[in-house]
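Taking it in order: structure first as structure tokens, then the write-up.
The analysis underlying the following values was restricted to heavy atoms, covering all of them including side chains, and did not include hydrogens, waters or symmetry mates. Every value quoted in this text rests on a predicted model; they were computed, and no experiment measured them.
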Amino acid sequence: MGTQERAPLKGKPLTYAAHVLAIAGSVMVLVWILHFRGGVAWDSTDEAQLFNINACDLLYRIFDEDVTICLKIVEYRSIHKQLHPVLTLIGFIIIGGEATISYKSLPLGKEQRKLIHMVLHTVALIFGILGIYTAFKFHDEAGIRNLYSLHSWLGLGAIVLYAIQWAYGFVVFFYPGGSPSLRATSVPWHVILGMFAYSLAVGNAILGFLEKLVFLETYGVSKVGPEAYLVNFTAIATILYGVFVILVVYCQHEDQTPVDPNSYTAI
């Protein structure tokens, strides 16, 4: 019996699914921040919503408790003032994902797709850096130590890897551009490292949702209430979006030339 060649997995339906998940995740995180957490602001110094460090010192002297407990209360009471979840999910992960699949899914010429790919990744990187900055800014204003959690470590690592990937891609594939042999050699590593950095960002976002939800539930939010369910569903949508982005990257698209040496290999 002769063997039949398997048809490559088609990417167009998965692209549509990724777009739907991107919209769903964006809407849910905005509802969470704007409705349940009271909105966003660049500054988080509203004294009506914050315990200051002097109050923490007072609790420490009276109750002989670790000041970090009080600092966690500060974070809970002022989480609604942070832009961090919006910037990192919509600005970094979703726009970054759209940048990733744009090179494969848009029915345009290679140079046009490459330009859109680069521009969207630039926007995502800027939003990602701003998202990291808002976290540091909030911690500094609230008197909370920085880089105390696994979420912060992985988040910083993800943005650094993303920036390195962007810089290398810009120099080799965009301007001034490497030699054809260098580009051909770099493509597999560009894909692998890019998918690793993106997967790390998605996984760390899930860790961030979990961390924030634990804080909220510790200080009064119901574990079976609408906000908890909304955060969990947002995390699920983020996971599925990341999965579909990766699948789209490795799928065969109708306008993709299978033998293109500078393209990704289809599943």
- So with a 6.0 Å cut-off around CZ of Phe127, is the heavy-atom count from everything else above 12? no

- Task: Count the heavy atoms of every other residue, nucleotide or ligand shown that sit under 6.0 Å from CZ of Phe233, and state whether that count exceeds 12.
- Result: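 Count not over threshold, so no.
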
Are [X] and [Y] grouped together when hydrophobic residues (ILVMFWY) are joined by side-chain heavy atoms under 4.5 angstrom apart?
X      : Y      : answer
Tyr16  : Val249 : no
Tyr229 : Val231 : yes
Val20  : Leu240 : no
Val248 : Leu193 : no
Ile101 : Ile192 : no

Quick one, [X] and [Y] - any side-chain contact, counting heavy atoms below 4.5 Å?
X      : Y      : result
Ile94  : Ser26  : yes
Ile159 : Phe92  : yes
Phe209 : Thr238 : yes
Phe170 : His121 : no
Glu98  : His19  : yes
Leu130 : Thr88  : no
Ser149 : Glu211 : yes

Sequence neighbours excluded, which residues qualify as side chain to side chain contact (heavy atoms under 4.5 Å, CB included) partners of [X]?
X      : value
Leu150 : Trp153, Leu154, Leu207
Ile116 : Ser102, Leu106, Leu108, Leu120
Leu210 : Val214
Asn146 : Phe136, His139, Asp140

Find the distance between [atom1] ([X]) and [atom2] ([Y]) and round it off to the nearest 0.5 Å.
X      : Y      : atom1 : atom2 : result
Ile246 : Leu14  : CD1   : CG    : 12.5 Å
Tyr250 : Leu247 : OH    : CG    : 10.5 Å
His151 : Leu156 : NE2   : CG    : 11.0 Å

- Message: Is it the case that the side chain of Ser199 and the backbone of Phe196 share a donor-acceptor pair, with hydrogens and angles ignored and the cut-off at 3.5 Å?
- Response: no

- Using atom types as modelled and distance alone, determine if a side-chain donor or acceptor of Asn204 lies under 3.5 Å from a backbone N or O of Leu200. no

- Task: List for me each residue that meets salt bridge (charged side-chain N to carboxylate O under 4.0 Å, His left out) alongside Glu227, sequence neighbours excluded, and say none if there are none.
- Result: Arg37

- Which pair of non-hydrogen atoms, one from Met28 and one from Thr234, has the smallest distance, and what is that distance? CB-OG1, 3.2 Å

- Task: Kindly state whether the ring of Tyr198 and the ring of Tyr162 have centres lying under 6.0 angstrom apart.
- Result: no

- Message: Would you say the ring centers of Phe138 and His84 fall short of 6.0 Å from each other?
- Response: no

- Task: Please collect all salt bridge (Lys or Arg N to Asp or Glu O under 4.0 Å) contacts where either partner lies in residues 17-26, sequence neighbours excluded, each pair once.
- Result: none

- Item | His190 and Phe173 aromatic ring geometry - parallel, tilted or perpendicular at 30°/60° bounds |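 The arrangement is tilted - the two ring planes meet at 30° to 60°.
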
- With a 3.5 Å cut-off and no angle check, do the side chains of Thr122 and Trp166 form a donor-acceptor pair?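 Yes, a side-chain donor-acceptor pair sits under 3.5 Å.
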
